[in-house]
Each structure stands twice: as C-alpha cells, then as structure tokens.
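Here is the structure we will look at, set down as structure tokens.
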Amino acid sequence: MAQYVAADVEQKWQGAWAAEDIFTATRSPDKPKYYVLEMFPYPSGRIHMGHVRNYTMGDVIARYKIATGHAVLHPMGWDAFGMPAENAAMAIGGHPKDWTYSNIDDMRAQMKPLGLSIDWSREFATCDPEYYGQQQALFLDFLEKGLVYRKNAVVNWDPVDMTVLANEQVIDGKGWRSGAEVERRELTQWFFKISDFSEELLTALDQLDNWPAKVRLMQENWIGKSRGIEVPFNRMDGGDPIICYSTRPDTMRGATFLAISPEHPVSRTLAEDRPELAAFIAETRKMDTTEAAMEKAEKKGIDTGLKVRHPVYPDRELPVWVGNFVLMEYGTGAVYGCPAHDQRDLDFAKKYGLDVTHAFFMPGEEVEVTDTALVPPKTEKVAYVEHFAGIGECSSLEGIDASIDYFEAHDLGRGQVKYRLRDWGLSRQRYWGCPIPIVYCDTCGVVPEKKENLPIELPYDEGNKPIDFSQPGNPLDRHSTWRNCECPSCGGPARRETDTMDTFVDSSWYYARFTAPRAETPTVAEDASYWMNVDQYIGGIEHAILHLLYSRFFARAMHICGHLPKSATEPFDALFTQGMVTHEIYQTRDAAGRPVYHLPEDVVDGKLADGTEVEIVPSAKMSKSKKNVVDPVNIVAAYGADTARWFVLSDSPPERDVEWTASGAEAAFKHLARVHRIVSDIATSDLPDVPEADLALLRDMHKTIHEVTGGVESFGFNAAIAKLYGFTNTLAKSKAGSGAKREAASALAQLMAPMTPHLAEELWYMLGQEDFVTTANWPVADPNMLIDDTVTLPIQINGKRRAEIAVPKDMDKSEVEKAALAHDAVLRSLDGAVPKKVIVVPGRIVNVVV
RNA sequence: GCGGCUGUGGUGAAAUUGGUAGACACGCUUGAUUUAGGUUCAAGUGCCUUUGGCGUGGGGGUUCAAGUCCCUCCAGCCGCACCA
C-alpha cells in the first residue's frame, strides 16, 4: 500500500494543474462568473500563518465555485509601495526597488507551494510603472472632474517618518506606522474630495447586506453624520457675526458664553495685538493630542473681551472666550456654552465664574444644577422653561425639531447636516510611492502632466549611482535632475511635484485592475463589466475603515471618469473579515527579570533544549517580537500544504481567532494520512454489496454532501470539516461493499478538494478517475437520502428528557403520542398520573405535560 | 463617555425556525498490536454525594419546552471620542 508522502503528492498535482493551466481566468459567455479576492499582501519577504489562513479561505471558495461551474477570477498581487522599503534602504543600504522585487520573488516562492488556485498570469505589483502609470492617469482624470484639489491646510506631520498623515492614519495622536507623536503643520497638499460623497457613502452602507454589521457600523461612525443648526451671534462691536454650530438648539436658552477655537480667524486676528492671547494659542498648538492627555488636559480658556448678543434673548450679552477644547476642524470652530446641560461647559463656567441658566428641568423636579450638568435624555420628556419655540413638556428630540423650525422661520439660523469625514490628504513626502503627475511652472502655475508622458517614473539613479537613502527626508526633493522638466503647457522650464501618493491610493483600485492587468488604460470596459464586482472579498478587520472606505470612494470616482460601470460603485458585494492566527508565548527571565522569548520550535514539553522550564503566556497574535511565530514554510516542509490548510480551517470559526498548536497540526496530518490509507484500501479491495450497510453509508454520504456544501457556502469551514471527520469515521467502520465504498470515497475526495486539493486529487486518481477532482462537477445531495426511514424521538415529561422512542419517519402524530405513552420509562415516570397535554413535534420531540 | 460584540466541559468548539446541550477535534484514562518509542486499532471521558440530581457568566421572566426570546447585573474584547 502506498504511503502518504505529502511533498510528492503536492508537487505532482501542482505540476499537473500548471501543465493544464486550469486556473487561468477566462471570460465565458455560458458560465456565471465569480470573482474572489483576498486582500493583497505587502511584500515583507516572508509569508506568515495569517496569510495562509486568508488565502486558504479564498481558495476554498474559489475551488468550490470552479466545481460548481463558474468562470472564476482569483488573482494575486503585491501592495508594494511604502515606508518599510525605504527604511530598509536606510538601515541596510541598497535600493527600495531591489529590496521590494526581491521580497516579491521570495514570497511568491513561499506562496506557490500552498497550491492556491490563483491565476498568476494576472499578477502585478503596485510599484510596477505599468500599474502606477495608470494610477497617474486616474489622478489626472479625477483632477479634471474636480475630485482632486490642492489646498493649504493644517496637516498631521509625522516627525519620525517625516511625512504627512491622513486623519485616518493618526491613531491616538500617533502616526499609525511610526508611533511618533503627530505634530500640526501648515502645508500645501493634494486632497481627494471624499467629503462630497459623505451622504452617499453613508446611505449605500444599507445595501451592503453581505458585509459584517460591525464594519458597516464602524464606517457609519467614521462618516459621523449629525444634524443641527448654524446660528450667527452678532458682535456688539459690529464685527462679522460669529457662527456657532450646535446639535442641541433646544438648549439655546441656556447659552451663557461663546467658545471659539484658538485657530478661529477671530482668535488669530485678536492675537495680533494681544500677546497673552498669542501665547495661549501657541501653547494649545503644542498640546499633547493623545487620548490620555486629552482626558486629563485642563479645559482652559481666555476671555477675549468681545461680547455677542443672544439671538433669541436680545437683552442678554454673552462673553466670547477662546477655549482650548474647541476644534477648528469640526463644525464652525465656534460653539456656544450651555453649562446647565453640558458637563464640559459646566466645568468651564465654574472655573471662570460664568452664568448657569437652565433651558429645561426634569418635569416636577426644578433643581438647579451644581456639580453635574442635566444632560437632555433621549426619550424621556423634559419641561422646557419659557421656551422661545413655544414648547413645554416634550422629548428633547421634539424640542430640537421645534427649535430648528423656529430659527429658520425667524431667519436666526439654518438647519445644517454635518459630517465628521474630511477630505483625504494624499500627499506624502516620500520616495517609494506613486509620483503625483503635476508640474509647477513659473509662467503657467500648477499644470497637470500630459497623459502621453505617463508613467512619470521614479528615478533609480542620481548621477551615475543609485539614489542614496542614508539621510532622512524625501530623495526626490533633493534629487539633482529628476524634478527638472518641461512645462506641459508652455514648454518652458518647470519643476515636478516631488510628493508621492499615499500608498492607500494604490490599494483603492487594484481590484479593478485585476480585471485587465495589462491594459493601456486603467480598466477595459468589457473586462470590468464582466468581472466586477468582487463577489467575495476576504481580509482583516483592521481595514474596516481606511482601505474599505477609500476603495468605496475610488470606485465612485472611477465611475464618474468612465472607468467602472455604475453597478461597480460598491466594489465588494460580500466582505468577510477573518480572525487572526494566535500562538502561546514562551518566555524565561533574564537576570533583571525581563522576559526573554523563545520560538515554539525551541520548546519541547514546556522545556528548552538545556532543560530550562519556560513560562507559558496565553495565546496572542503571532508576532516576531514575542517570537510566538510558526513559519508556514517549516510547516509545509514538515507536513505539507494540505495539513497547514486543513488545520487553519478546522479548529475555529473563520471570523474568530484560531490558536495554532503543534498537537493540532500533528493531528491534522495524521487525519490526512488516515484518509489516504482508508481510500487506498478501498480502491484496491473487491467486496460484495451489502444492501443495508450500503444504504446506511450512502445516506451518510448525502448528509455529508449537504452539510459540507452548506458549510462552504456560509463560511462554516470548521463545521464542514467536523462533518468530514465524522464521515471518514463512518466510512472506515462501514461494512458496505466496495461499490458503495468507492462511491463514498469519491464523494469524500470531492468534498475535501477545496480544503486539501492535492490529497483530494491523489484520492481521486487512486479511485481510477481520469479528470481532475478540481474541475469535476460538485456532488449534489439527494434530498430523499437526507431523512432516515425511522427517527429517534426524545420523550420529555414536563420538559425533562425521560426516554427515547424509535418511530417511522412519517408516523401519524396521534400514533406517536400513543406509542410514547405506552413506553415503559414513561409509564414509570407518570406513575399513574394522567397527562394534561401531550405535545408532538413531528421528527423532533414528544413532551408530556402532567 | 458613546456605540458594538462575546461569555457553553480540562482546551478549541458544535447546536436552520425555541425542540435530545457538548457534534467534531485536542488533551486525558484503559486495553490490544507492533515497537526501543512515536505510529495504528478498540473502549471511555460535562459535573456531583449516581435506582438519582445538577449543568450553556450571575439573577429574574415568557413558554409544554430556553444556549437560543425578554429584563437586569457582572466580566472580557473591539471601535469611536474635548464632535459642540
């Protein structure tokens, strides 16, 4: 009997698939199409178990769709621009381009042995000039349609990476990659007009039924729609009114002061001849913006001396303060303070001795606030005090509506919808990114590059040698020749934009490029309309906002420019966010008591090679720093790709984290070897039919087909695998004849094929099949075989299980009742009592109520 | 603070519409075979004071019947946040 040697089996079938080109995606008029995509990797140089899990899930779907008669597009590429390449060049010398392409070669070589059903002919890297040249073309089209613009703005400056960051890339006041405290700087930058799409990006979320609710909610919160009112407050000195934004106009009676941002034009103007104000503004600008610091930071202010008139109660004059807590970026940069109904305003008012005036009380409890503000409840009714809109006791939601109506009717302000989402700043002061195709000319100003000059390629050399990356900053900016060019408009001497695009731009449209990866235009209409949308997108939850929101914007912008059909404006029909691969952490302590980490492969039975016992820290995401990593390359070498694939799918639901354990991997391998043994035994044996055993085996086969199919279609891979284990046990123990066993073994091979494709091909081959199991038609369960002729019903007495009874599947309810009541155990339990009621749920349960 | 998710054996977990809780796997126990051992095969494994009782984070409720529905509390995780 042949032994299961994974390496031989896997090499053999990968070779056979490649020879027949079976994964090349081809448009086919007579087949439904299916586009499955996993978030493409950054070419760090090594694949990790998270990649294996991600791509295996996609591969299961892709192979299942091939077997169910679809034209499948399952591509792979590289998100190849970005800082690590420049950092590597800085740290170890060399060139980002060489580093990146060599990493891609390494990773491809690690990925191919996994046996993924990828159409490698469509592979590209975002740093290929053929790709980013088309991205530059998109930029020019966006510019023409007003979807990109240039403005002077206060931006997030990362002092370590020496570049600007988008708001989305600042986490807790720190750069998302460098972790450095972000500073605020004023620079001229390019922006995508994503804010034009706020409402659409928000409302379209409702249509994304096959996205995780969590991701939709996160995007909804990020877009941050709020409804309120803009109210001008007239200045007593006759200057331009100060416009405040509020979502609670019903509390306007309680307004006792105005607070404006230090960045507000009024603050700036006043600061010109008020040194103490200028100092205050400078101080707030330096302020630590981390969350923890914000929480602790004192709410500080400074009285400007200005007064404004209350819009509704003109006899009241309100002082104007500059407050360090007022953000210029949100609303109008000015708010009115309502101490009675807002805790922050109350704290501020108490600190600086400002008035507290109620707009409402809780009905029947007229208690003035002292230390705790009376925040308007959402649903409960409140009693408004002599309210300008004429309302008395009502919910604050009604109060808001009435107040907005009042302001609009009296021309005192207007209802206003605001979004938190701001435009996407895309300029980065980096080398290793897509150059922005813009030229600055002294005569013509800002001029778009001509499309025929694209791609504007990154320079590899400076002078005769490769660019020097040893000093920080942007090498394009200090390059001696690259930035000099000819003005596309007047032909005179001009300078190139030296900023490159945020790498999130690269990943915002790669899914569309895969539909026509070699085209001379960003997309090709017939390919895009055939393959788009992505039917199933799979990746990590960490991209819930940035990448997915940007992609949704890009698809819309590409549609406006004619690069995608209207139907592709939501590019991902279904999204699945998979969990991480975790592992226990093994550590010892150094002399100072600091943890020293050890690789799992160096720990045997909780001990190091020298016998030292290790401390075991509970499972966490695999990370190099904690050394709790298992290299897929080693696993594939030891057990084969099928074992790695089977294991990452088997133990946990795909959306949850899965813990990699050596014993689990070992068990997966043993199981595959067992299947190989069982099937090879069946293939070579010749036993006569055994009608009853044959039927029982085939019934379980059909149930297995049914459950595995359902599992694969609903991301229930772990449950599907559990059923396959069960079916393997049934098959191993079955007394059926060889005919039925071969049929069952063939089905087993087919059902395992999406998960363990190499072994499945081998089983299929051993069973004498001549085609590929990969392309064979997916088995279909016979509904008649899914229900047994007799069913075992539990009998409950008052909801407690007391007995079981076997009855024919279509036995009449009253017959079942009779049989149940005649059961020994039931009679014993009843002990002569007369049942009040008997509930029979056909095929499920019998409950006797006494 | 706001919003959301999760809680089931020693472990990972399973359980269409409320209908036999713990499938499947790890681990563990016992036995058989072979062996130096791993391997393979067979049997067992929620808990307890075991003719029975208890059991899906705690408490309460709806129901003939609750892991599943409702209320409430607790714990853990995630997202957002000086957002007016």
Side-chain angles (χ1 to χ4, degrees), chain A residues 171-172 212-222 224 226 228-229 244-249 251 259 261 287 289 291 293-299 323-327 329-338 341-345 347-348 375 418-420 541-542 544-545 582 619 647 650-653 655-668 670-671 673-674 677 707 710 714 716 718-729 732-733 792-804 828 835-850:
Chain A
I171 320 261
D172 293 343
K214 184 187 170 76
V215 174
R216 292 190 318 214
L217 191 70
M218 282 165 71
Q219 293 217 353
E220 186 182 322
N221 291 338
W222 188 263
S226 69
I229 197 161
C244 291
Y245 177 69
S246 171
T247 54
R248 303 228 50 113
T251 65
S261 166
M287 198 171 70
T289 50
E291 182 187 331
M294 296 283 224
E295 208 54 50
K296 272 180 258 149
E298 217 178 336
K299 312 299 181 242
N324 65 351
F325 57 89
V326 185
L327 304 173
E329 300 83 39
Y330 188 78
T332 58
V335 296
Y336 66 79
C338 181
H341 306 301
D342 183 289
Q343 190 60 44
R344 188 192 56 205
D345 292 350
D347 295 342
F348 191 81
V375 178
K418 294 235 181 262
Y419 302 90
R420 209 184 70 114
I541 186 77
E542 66 273 19
I545 297 175
T582 67
S619 214
F647 180 76
S650 65
D651 246 22
S652 292
E655 67 276 11
R656 247 187 266 180
D657 292 352
V658 64
E659 183 182 24
W660 184 278
T661 61
S663 57
E666 179 80 28
K670 283 182 193 169
H671 176 71
R674 179 170 179 242
R677 206 161 47 236
E707 285 184 36
S714 63
N718 55 327
I721 283 181
K723 184 62 196 171
L724 287 169
Y725 269 107
F727 182 50
T728 305
N729 290 337
K733 289 178 184 168
T792 305
L793 298 182
I795 303 173
Q796 294 183 332
I797 295 179
N798 288 338
K800 298 276 175 202
R801 195 172 77 96
R802 288 288 182 256
E804 265 180 10
R828 215 182 315 126
K836 281 191 206 135
K837 192 161 44 158
V838 178
I839 289 147
V840 178
V841 183
R844 285 286 189 185
I845 205 164
V846 180
N847 194 6
V848 181
V849 187
V850 186

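Proteins come first, then strands; the chains are lettered A, B, ... in the order of their sequence lines, and each starts at number 1. All figures in this text were calculated on a predicted structure; none of them were measured in a lab.
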My understanding is that a pair needs two contacts under 3.5 Å, Watson-Crick or G-U wobble. By that rule, which nucleotide pairs with [N]?
N: B:rU17; result: none
N: B:rC47; result: B:rG53
N: B:rA32; result: B:rU40

Ignoring backbone atoms, test whether [X] places a side-chain nitrogen or oxygen under 4.0 Å from the OP1 or OP2 oxygen of [N].
X: A:Asn221; N: B:rC83; value: no
X: A:Arg420; N: B:rA81; value: yes
X: A:Arg656; N: B:rA14; value: yes

Exercise. A:Glu659 near the nucleic acid: base, sugar-phosphate alone, or nothing, with a heavy-atom cut-off under 4.0 Å?
Worked result: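 A:Glu659: no heavy atom of the nucleic acid under 4.0 Å.
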
With rounding to whole Å, what would you report as the distance between [N] and [M] at their [atom1] atoms?
N: B:rC28; M: B:rA36; atom1: C1'; answer: 24 Å
N: B:rG12; M: B:rC77; atom1: P; answer: 16 Å
N: B:rU29; M: B:rG10; atom1: C1'; answer: 13 Å
N: B:rC80; M: B:rU11; atom1: P; answer: 32 Å

Exercise. Nearest of B:rC82, B:rA25, B:rG27 to any side-chain atom of A:Tyr725?
Worked result: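 My answer, after comparing the listed nucleotides, is B:rA25.
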
Exercise. Atom CZ in A:Arg248, atom NE2 in A:His341: separation rounded to 0.5 Å?
Worked result: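 Separation between the atoms: 9.5 Å.
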
For this session: Would you kindly check whether a donor in the side chain of A:Lys214 faces an acceptor in the base of B:rC5, or vice versa, at under 3.5 angstrom?
Result: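 Side chain to base: no pair present.
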
